*Asks:* 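Here's a structure for you.
This is a predicted model, so every value here is computed, not measured. Count residues from 1 along the sequence.
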Amino acid sequence: SGFAPATQHVLEKSEVAPSKPHVKLKDAYETLVSFFRPMTCHHKDEQTLIPCHVGEDFNTTDCLENKCCPSKTSSELKCHMPFKDNMQLTFRLLVLVAGGFLILGCLPFCCCACLQRSQCFNPLRRASKEVEKIVWKKRACSEDTHDPL
């Protein structure tokens with residue numbers, strides 16, 4: 001490759017360049033589950049902290065990478081499991097259901113507006129046969145009168 005600079009990495013035959021970034025099924029499933037199971041790190045007084053077993057020497061980054069919540073108690077950093085966020089779940093479901101009802105409510109109006117303009121479904125858009133006969137007769141008469149000129 002004479003066009004590639006010397007410092008640029010050139011793919012070997014065994015390496016394959018990805019043509020499109022693929023969304024894995026596992027990522028899509030995790031996104032869907034996280035939408036219907038929202039978690040939060042904010043705990044209330046009556047909730048007990050369940051420790052998250054990350055390891056002996058863990059910091060905030062390790063704690064967050066393992067989907068745990070860092071918390072400062074006294075002088076040492078501990079990780080605890082996140083809590084279910086019922087208020088967020090209620091809000092998400094409310095928005096989802098309201099959006100569904102809005103779409104279902106607007107769907108008949110959109111269909112009627114589209115079908116009303118169609119000549120196939122709306123008989124008032126079609127010309128009646130009597131009107132078509134009159135138009136053809138007038139066109140024939142006008143052509144006959146203009147021909148001798």
*Asks:* Going by heavy atoms in the side chains, are His80 and Cys52 under 4.5 Å from each other?
*Replies:*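 Heavy-atom side-chain distance check fails, nothing below 4.5 Å.
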*Asks:* Give me the atom names and distance for the closest heavy-atom approach of Phe36 to Leu89.
*Replies:*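 Shortest heavy-atom separation between Phe36 and Leu89 comes out as O-CD1, 3.2 Å.
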*Asks:* Taking atom CZ as the centre, does Phe35 end up with more than 12 heavy-atom neighbours from other residues, nucleotides or ligands that are less than 6.0 angstrom away?
*Replies:*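 Enclosed.
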*Asks:* Taking all non-hydrogen atoms of both residues into account, name the closest pair between Pro38 and Arg92 and its distance.
*Replies:*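 The pair with the smallest heavy-atom distance is CB-NH1, 3.6 Å.
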*Asks:* Tell me, please, which residues at least two apart from Pro51 pass side chain to side chain contact (heavy atoms under 4.5 Å, CB included).
*Replies:*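 For Pro51, no residue satisfies side chain to side chain contact (heavy atoms under 4.5 Å, CB included) once neighbours in sequence are set aside.
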*Asks:* Closest approach of Met81 and Cys68, non-hydrogen atoms and distance?
*Replies:*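 Looking at all heavy atoms of both residues, the closest pair is SD-SG, 4.5 Å.
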*Asks:* Are Asn66 and Cys79 close enough that some pair of their side-chain heavy atoms sits under 4.5 Å apart?
*Replies:*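 Side-chain contact under 4.5 Å: no.
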*Asks:* Count the heavy atoms belonging to other residues, nucleotides or ligands that lie under 6.0 Å from CG of Leu115, then report whether that count exceeds 12.
*Replies:*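 For Leu115, atom CG is crowded (more than 12 foreign heavy atoms under 6.0 Å).
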*Asks:* Quick one: CZ on Phe83 to SG on Cys41, what's the gap to the nearest 0.5 Å?
*Replies:*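 Spacing of CZ (Phe83) from SG (Cys41) equals 8.5 Å.
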*Asks:* Could you tell me whether the side chain of Asn86 reaches within less than 4.5 Å of the side chain of Lys84, counting heavy atoms only?
*Replies:*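 Yes, their side chains come closer than 4.5 Å.
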*Asks:* Are Leu93 and Val33 connected in the hydrophobic side-chain network, where two residues link if heavy atoms are under 4.5 Å apart?
*Replies:*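 In one cluster: no.
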*Asks:* Crowded around Arg37 CZ? As in, over 12 foreign heavy atoms under 6.0 Å?
*Replies:*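 At most 12 heavy atoms, drawn from other residues, nucleotides or ligands, come within 6.0 Å of this atom.
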*Asks:* Out of curiosity, Ser34 OG to Tyr29 OH, how far, rounded to the nearest 0.5 Å?
*Replies:*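 These two atoms lie 11.0 Å from each other.
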